[in-house]
Participant: 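Quick one: structure below, then a few questions.
Side chains are part of it too, since the values below use all heavy atoms of this structure and drop only hydrogens, waters and symmetry mates.
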Amino acid sequence: MMEMDQLREIATKKVNPQKLSKDCYIGSVACVLMTDKGNMYTGVCIDAPSGIGFCAEHAAIASMVNNDETRIVKIVAVGKNGKIYPPCGRCREFIYQINAKNIDAEILVEENKIVKLAEILPSRWN
Ligand SMILES: [Zn+2]
């Protein structure tokens, strides 16, 4: 199993901001996640107006489910120079809904601080 620091390093290398079109940018944030099988999946954000883009976490999760996996054990998202971004509220909920066991997923939320999803998604609505 890879350590969080290694995942962060890989994510940092994936950050590569590019302008795709007049409106659309990609790659300002990159995410790396590791599953219970020890497999790694990556994704980058797509920033587009009108709420049609999505987060790097969302892209990494899509890649994971394309490979018939749902159980996340570690996840990290970074921007330029390895700046850590905790998952937004939508992604927290998304991580949970993909597999309820992901409530135990470890997330790097700031420098030297790893929390479980349960700590940042404490009150379930369902
Ligand atoms: Zn998000």
Side-chain angles (χ1 to χ4, degrees):
M1 282 271 176
M2 289 180 114
E3 296 305 317
M4 193 66 91
D5 286 349
Q6 294 172 278
L7 299 181
R8 180 184 181 184
E9 206 170 292
I10 293 161
T12 302
K13 286 179 184 153
K14 292 283 295 180
V15 174
N16 180 26
Q18 295 174 68
K19 185 175 184 177
L20 288 190
S21 70
K22 181 172 74 65
D23 298 310
C24 187
Y25 297 80
I26 64 164
S28 61
V29 176
C31 173
V32 174
L33 67 81
M34 171 154 291
T35 66
D36 59 340
K37 292 178 185 166
N39 294 320
M40 198 183 72
Y41 299 97
T42 64
V44 297
C45 66
I46 300 180
D47 294 309
S50 308
I52 58 173
F54 46 79
C55 299
E57 291 92 332
H58 184 150
I61 288 166
S63 176
M64 171 182 73
V65 299
N66 269 327
N67 287 280
D68 301 316
E69 292 199 72
T70 60
R71 178 70 171 90
I72 299 167
V73 292
K74 289 177 186 164
I75 186 165
V76 56
V78 301
K80 215 174 158 201
N81 302 320
K83 180 184 178 347
I84 299 159
Y85 287 99
C88 74
R90 184 182 185 280
C91 286
R92 293 175 198 197
E93 183 67 25
F94 193 48
I95 291 165
Y96 177 77
Q97 290 198 17
I98 289 292
N99 183 332
K101 290 181 182 153
N102 290 340
I103 201 74
D104 290 325
E106 292 183 344
I107 304 171
L108 186 65
V109 290
E110 60 187 70
E111 219 49 70
N112 303 313
K113 186 173 182 188
I114 296 170
V115 301
K116 290 190 181 234
L117 180 61
E119 296 171 62
I120 56 173
L121 194 66
S123 303
R124 303 301 312 143
W125 57 272
N126 54 355

Participant: Between atom CG of D5 and atom CG of L108, what is the distance when rounded to the nearest 0.5 Å?
Facilitator: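 Here the interatomic distance stands at 8.0 Å.
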Participant: Is it the case that the side chain of N67 and the backbone of S63 share a donor-acceptor pair, with hydrogens and angles ignored and the cut-off at 3.5 Å?
Facilitator: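 It does hold such a pair.
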Participant: Indicate yes or no: at least one non-hydrogen side-chain atom of T42 is less than 4.5 angstrom from one of C31.
Facilitator: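 Side-chain contact under 4.5 Å: no.
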Participant: Which residues pass the side-chain hydrogen bond (donor to acceptor under 3.5 Å, both in side chains) test with T12, sequence neighbours left out?
Facilitator: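 For T12, no residue satisfies side-chain hydrogen bond (donor to acceptor under 3.5 Å, both in side chains) once neighbours in sequence are set aside.
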Participant: Can V109 and I84 be said to form a side-chain contact (heavy atoms from CB on, under 4.5 Å), step by step?
Facilitator: CA-CA 7 Å; V109 290; I84 299 159; 5.7 Å; no
Participant: Is there a donor-acceptor contact under 3.5 Å from the side chain of R71 to the main chain of N99?
Facilitator: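 Not at all, since once roles are kept as given, no pair shorter than 3.5 Å links the two residues.
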Participant: Compile the donor-acceptor pairs under 3.5 Å between side chains in residues 43-60 and protein atoms, sequence neighbours left out, one pair per line.
Facilitator:
{"from": "D47", "atom 1": "OD2", "to": "S28", "atom 2": "OG", "distance (Å)": "3.3"}
{"from": "H58", "atom 1": "ND1", "to": "R90", "atom 2": "NH1", "distance (Å)": "3.1"}

Participant: Establish whether I114 and I107 are linked, either directly or via other cluster members, by ILVMFWY side-chain heavy-atom contacts under 4.5 Å.
Facilitator: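 No; tracing contacts between hydrophobic side chains, which count when under 4.5 Å, never links both residues.
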Participant: Flag the pair E111 and K83 as a salt bridge only when some basic side-chain nitrogen lies within less than 4.0 angstrom of an acidic carboxylate oxygen.
Facilitator: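 Answer for the salt bridge query: no.
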Participant: Using modelled atom types only, decide if a donor and an acceptor are shared between the side chain of Q97 and the backbone of F94 within a distance under 3.5 Å.
Facilitator: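 Flag not set: sc Q97 to bb F94 has no pair under 3.5 Å.
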Participant: Could you state the interatomic distance from CE (M4) to CE (M34), rounded to the nearest 0.5 Å?
Facilitator: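 One finds 10.0 Å between CE of M4 and CE of M34.
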Participant: Within the structure provided, determine whether K13 and N16 are in side-chain contact (heavy-atom separation under 4.5 Å).
Facilitator: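 No, every pair of side-chain atoms sits at 4.5 Å or beyond.
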Participant: Are I120 and I103 joined in one hydrophobic group, where the rule is that I, L, V, M, F, W and Y side chains link up if heavy atoms are under 4.5 Å apart?
Facilitator: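 Yes; tracing contacts between hydrophobic side chains, which count when under 4.5 Å, links both residues.
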Participant: Are V32 and V15 connected, step by step, through hydrophobic side chains (Ile, Leu, Val, Met, Phe, Trp, Tyr) whose heavy atoms are closer than 4.5 Å?
Facilitator: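 In one cluster: yes.
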Participant: I'd like to know if the side chain of N102 reaches the main chain of I72, judged simply by a donor and an acceptor atom lying under 3.5 Å from each other, with no hydrogens or angles considered.
Facilitator: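 Side chain of N102 to backbone of I72, a donor-acceptor pair under 3.5 Å: yes, one is there.
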Participant: Mark yes or no for whether K74, through its side chain, and M2, through its backbone, hold a donor-acceptor pair below 3.5 Å.
Facilitator: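 Checking the backbone N and O of M2 against the side chain of K74, a donor-acceptor pair under 3.5 Å is found.
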Participant: Please round to the nearest 0.5 Å and tell me the distance separating atom NZ of K37 and atom CE of M64.
Facilitator: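 Between K37 NZ and M64 CE, I get 10.5 Å after rounding to 0.5 Å.
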Participant: Going by the rule side-chain hydrogen bond (donor to acceptor under 3.5 Å, both in side chains), which residues pair with E106 if we only count those two or more places apart in sequence or in a different chain?
Facilitator: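 Listed in chain order: nothing, the list is empty.
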Participant: Does L117 form a side-chain contact (heavy atoms from CB on, under 4.5 Å) with R92? I'd like the steps, not just the answer.
Facilitator: CA-CA 7 Å; L117 180 61; R92 293 175 198 197; 4.0 Å; yes
Participant: Given 3.5 Å as the limit, does a donor-acceptor pair link the side chain of R8 with the main chain of G82, or not?
Facilitator: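 Judged by distance alone, yes, a pair lies under 3.5 Å.
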Participant: State plainly whether one hydrophobic cluster holds both V115 and V73, where clusters connect Ile, Leu, Val, Met, Phe, Trp and Tyr through side-chain heavy atoms under 4.5 angstrom apart.
Facilitator: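 No, because V115 and V73 fall into different hydrophobic clusters, even though each may have its own neighbours under 4.5 Å.
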Participant: First locate atom CD1 of I61, then atom OG1 of T35, and finally report the distance between them rounded to the nearest 0.5 Å.
Facilitator: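 Interatomic distance, I61 CD1 to T35 OG1, rounded to 0.5 Å: 12.5 Å.
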Participant: Quick one: does I95's side chain get under 4.5 Å of I75's, heavy atoms only?
Facilitator: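 Counting from C-beta outward, I95 and I75 do come under 4.5 Å.
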